[in-house]
A.B. asks: 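Sending over a structure as structure tokens; questions will come in a sec.
Numbers restart at 1 for each chain; the letters A, B, ... are given by sequence-line order, proteins then strands. Quick caveat: nothing in here was measured; it's all calculated off a predicted structure.
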Amino acid sequence: MSDDVAQTYLDELNEAQREGVINTDGPSMIIAGAGSGKTRVLTYRIAHLIRHHNVDSFNIMALTFTNKAAREMRTRIERVVGTDARNIWMGTFHSVFARMLRAEASKLGFPSNFTIYDTQDSKSLIKSIVKEMRLDDKMYKPNVVYNRISGAKNRLVSWQEYMSNPVYKADDQENGKPEMGNIYKTYVNRCVKSDAMDFDDLLFNTNVLFRDHPDVLNKYQHRFHYIMVDEFQDTNISQYVITRKLASVRQNICVVGDDAQSIYGFRGADIQNILNFEKDYPDLRVVKLEQNYRSTQNIVNAANSIINNNKAQLRKSIWTENEAGHQLELIKATSDNEEGKLVASAIFEEKVNNLLKNSDFAILYRTNSQSRSMEEALRRMNIKYKVFGGLSFYQRKEIKDILAYLRFAINQNDEQALRRIINLPKRGIGASSIDKIVVAAYDHDISFWEVITNIHSFLGGRVADAIRDFATTIRSFMISAQNKDAFEAASHIAKNSGLLKELYEDKTVEGLNRYENVQELLNAIKEYVDNPEVTEKNLGSFLQEIALLTDNDDDKKNNDDAVTLMTIHSAKGLEFKMVFIVGMEEDLFPSQMMLSSRADLEEERRLFYVALTRAEKRVFLSYALNRYRFGRLKTCEPSRFLEEIDPQFIRQNSSVSSRTSQTNNNYARNLVNGINHQKKRAFVQKTSYQPSTDFKPSDTTNLIEGMKVEHPKFGFGTVTQMDIQGSQRKAKVDFDEVGEKTLLLAFAKLKIHN
DNA sequence: GCGTAACCTGTTTTT
DNA sequence: CAGGTTACGC
């Protein structure tokens with residue numbers, strides 16, 4: 001690139017942006033408001049380093065939070081500097097440090113082909129640990145335990161520190177979970193035994209690596225002369241410490257972020273990192289990008305009027321020179337289905353009136369489950385759409401099953417993979433046999449695989465033979481994983497595991513779908529192998545490649561002209577001409593889970609801010625007065641956020657809603673009354689204990705101790721004790737004729753008497 | 001050990 | 001609603 005071109009790109013920038021690009025040395029922080037050209041500054045900064053300071057791309061590290069952001073940045077940099085950018089270490093925190101850990105794995109006692117456990121794997125491991133420890137699984141739910149462990153790791157608290165920390169101990173005691181520390185310890189040990197790391201381990205263990213191996217740290221400190229972090233407001237402590245250590249020699253660290261867009265608190269992101277940053281780097285240069293180039297004045301002002309309700313924020317003022325634009329439009333609906341219809345027809349109308357493409361529209365929601373009603377309405381109106389998020393391709397059962405085989409062919413210590421495949425397809429190896437293998441492995445302090453390969457010294461009979469055959473199959477898979485390329489190995493394994501055959505024989509619609517999915521997986525592997533840029537073509541490297549992918553990374557989705565449906569979280573960093581934010585209802589957005597603390601409400605508000613600032617031209621907000629949630633129709637209140645918007649920026653009686661509002665209101669009233677009516681009837685039935693006219697399986701809410709009941713076989717009796725065993729409720733009844741019986745309430749035909 | 005029927009439970013966002 | 005769990009009969 002000539003100096004002319006260099007001058008051109010600097011000319012494109014405003015003063016603040018230029019400052020962000022050219023001050024490359026020393027620590028700097030760029031506070032970048034929404035739509036202020038943040039990515040442009042970051043890419044030009046890197047281009048500037050390479051072009052004007054002759055920095056080798058080998059010495060640059062650029063960290064993002066999503067694969068999509070990383071890819072976007074790479075293509076944009078390549079557009080400016082071409083292939084000179086190819087050696088930049090650029091990617092998500094997780095993928096970059098996974099790569100580093102693979103290179104240094106032996107120092108931590110891991111093999112370099114360690115497995116990465118996804119959330120599902122982690123939770124099912126926790127589940128089996130809780131079961132083995134004979135703890136109450138109602139108290140130690142996998143979700144809760146996982147979040148607790150994850151939180152600890154993100155704060156760099158090891159299990160040793162966790163167990164010796166009186167604050168955690170007291171906290172767990174108070175919550176009735178005194179064994180949490182022990183579970184944490186066992187969980188970590190089991191991961192190590194499985195040669196596996198979970199998502200948080202990738203960062204935690206990088207910290208361990210840097211702490212315990214100064215030579216390794218030193219090597220990377222001198223390798224990375226320039227470090228850049230995008231979306232800095234989303235870093236957790238673990239990530240922050242990694243970057244601080246890496247930058248401590250050269251001090252050339254540049255972080256870009258916006259405290260108003262911090263929406264990953266639940267993942268341990270800590271706004272404090274922005275504040276600490278000034279303390280850790282006293283000669284920090286701070287640049288604020290405050291001019292918004294994306295949205296109309298109305299959208300910017302409305303967004304500001306929302307975010308100003310938050311107490312915790314850095315002072316900055318986002319402004320724009322763009323046109324005033326339309327007010328935000330409010331769409332009121334009586335049900336989620338009607339909401340879908342109104343949104344779809346609004347899209348249709350706007351599309352026709354303004355000659356827009358499908359891809360100019362996005363429908364954003366708080367939870368993935370909200371996509372359903374939108375999808376239906378769009379399908380009916382024949383509008384093409386694409387849904388991001390939700391269950392990713394790689395999380396589908398049939399795909400995870402195949403992947404478990406592939407994983408196990410690479411790593412025989414992978415416990416979660418083994419549990420998944422040992423009896424799939426059915427080989428007559430049931431739960432009790434698996435328990436025996438676990439026990440044998442513990443008794444002799446050997447791996448599951450060692451038990452399986454010597455099964456006849458532990459077990460006899462048909463099951464042992466089945467396990468031996470399984471081991472033989474796996475051995476052949478191990479050989480093909482080693483000797484063949486990823487595609488050949490995967491095809492061999494899919495065929496000979498019996499999974500493909502089983503799916504092929506399932507001729508139901510879902511079965512066909514599953515079979516196609518597996519074929520698609522094989523195609524993806526084929527593509528991977530055929531890609532000339534890929535140097536390592538074996539199965540292990542393919543698995544490493546996909547371990548950190550999410551549904552939002554599907555490239556195929558990015559080329560179609562289709563309306564985008566996604567959660568607000570995944571919309572961060574994107575922009576659309578018109579944005580629909582749906583489900584603006586109290587308890588849904590802001591989420592009811594969040595109402596426990598003020599800080600959490602502020603994060604919800606930032607989420608709303610993010611959603612609004614995705615839009616260039618127009619924003620539509622919609623809510624439904626009735627919505628199906630978890631199979632139940634629920635009446636809803638409009639979100640408090642609707643009232644927080646300064647009224648001058650929002651149009652209350654839009655054409656869309658006024659057309660239908662009168663009938664809607666009547667309909668809604670009837671609907672609500674109907675529901676209340678039904679609820680009332682149910683209430684009467686449940687609490688009045690009318691003698692049943694017939695013998696029925698008892699309603700569990702009706703039956704209480706001391707109640708008189710009649711049973712068709714045992715006659716009259718009195719309930720002496722109610723009991724919950726597992727997930728089922730039981731009642732002990734003392735019958736006048738036959739004495740005490742325990743009845744499973746789900747099946748017990750009883751008449752209840754007053 | 002397996003298939004089936006009935007039951008329970010969560011109901012937030014993502015690498 | 002969907003995914004997971006349990007009891008029961010074979």
A.B. asks: Send over the distance from A:Lys138 NZ to C:dG4 P, rounded to a whole Å.
C.D. replies: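 Computing the A:Lys138:NZ to C:dG4:P distance gives 16 Å.
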A.B. asks: Output all residues satisfying ring pair (Phe, Tyr, Trp, His ring centres under 6.0 Å) with A:Phe641, sequence neighbours left out; order by chain, then residue number.
C.D. replies: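 Listed in chain order: A:Phe589, A:Phe608.
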A.B. asks: Distance check needed: B:dG10 P versus A:Tyr628 OH, whole Å only.
C.D. replies: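 Distance, rounded to whole Å: 22 Å.
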A.B. asks: Does any N or O in the side chain of A:Gln233 come within less than 3.5 Å of the main-chain N or O of A:Ile271, such that one atom is a donor and the other an acceptor?
C.D. replies: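 Flag not set: sc A:Gln233 to bb A:Ile271 has no pair under 3.5 Å.
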A.B. asks: Assign A:Arg372 to base, sugar-phosphate, or nothing according to its heavy-atom contacts below 4.0 angstrom with the strands shown.
C.D. replies: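 It contacts sugar-phosphate atoms only.
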A.B. asks: Rounding to an integer number of Å, can you tell me how far A:Met139 CE sits from B:dG10 C1'?
C.D. replies: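 After rounding, the reported distance stands at 16 Å.
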A.B. asks: List for me each residue that meets ring pair (Phe, Tyr, Trp, His ring centres under 6.0 Å) alongside A:Phe93, sequence neighbours excluded, and say none if there are none.
C.D. replies: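 In terms of ring pair (Phe, Tyr, Trp, His ring centres under 6.0 Å), with neighbours along the sequence ignored, A:Phe93 is linked to A:Phe65.
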A.B. asks: Provide, to the nearest angstrom, the distance between the NZ atom belonging to A:Lys397 and the C1' atom belonging to C:dG4.
C.D. replies: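 Value for this atom pair: 13 Å.
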A.B. asks: Applying ring pair (Phe, Tyr, Trp, His ring centres under 6.0 Å), name anything that partners A:Phe266, two or more places apart in sequence or on another chain.
C.D. replies: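 With sequence neighbours excluded, A:Phe266 shows a ring pair (Phe, Tyr, Trp, His ring centres under 6.0 Å) to A:Tyr264, A:His569, given in chain and number order.
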A.B. asks: Nearest whole Å is fine: how far is C:dG4 C1' from A:Lys131 NZ?
C.D. replies: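 To the nearest whole Å, that distance equals 12 Å.
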A.B. asks: Using the test side-chain contact (heavy atoms from CB on, under 4.5 Å), find all partners of A:Asn207 that sit at least two apart in sequence or belong to another chain.
C.D. replies: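 side-chain contact (heavy atoms from CB on, under 4.5 Å) list for A:Asn207, sorted by chain: A:Leu156, A:Ser238, A:Val241, A:Ile242.
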A.B. asks: Taking NZ from A:Lys141 and C1' from C:dG3, how many angstroms apart are they, rounded to a whole number?
C.D. replies: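 Nearest whole value for this atom pair: 15 Å.
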A.B. asks: Distances for protein N/O vs nucleotides 12-15 of chain B N/O pairs under 3.5 angstrom?
C.D. replies:
residue, atom, partner, partner atom, Å
B:dT12, O2, A:Arg366, NH1, 3.3
B:dT12, O2, A:Arg366, NH2, 2.7
B:dT13, OP1, A:Asn368, N, 3.1
B:dT13, OP1, A:Asn368, ND2, 3.3
B:dT13, O4', A:Arg366, NH2, 3.4
B:dT13, O2, A:Arg366, NH2, 2.7
B:dT13, O2, A:His569, NE2, 3.2
B:dT14, OP1, A:Thr567, OG1, 3.1
B:dT15, OP2, A:Thr550, OG1, 3.3
B:dT15, O2, A:His94, NE2, 3.1
B:dT15, O4, A:Thr119, OG1, 3.3

A.B. asks: Can you name the ring pair (Phe, Tyr, Trp, His ring centres under 6.0 Å) partners of A:Tyr117, sequence neighbours left out?
C.D. replies: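 None.
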A.B. asks: Roughly, in whole Å, what's the span from CZ in A:Arg632 to C1' in B:dG10?
C.D. replies: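 It works out to 14 Å between those atoms.
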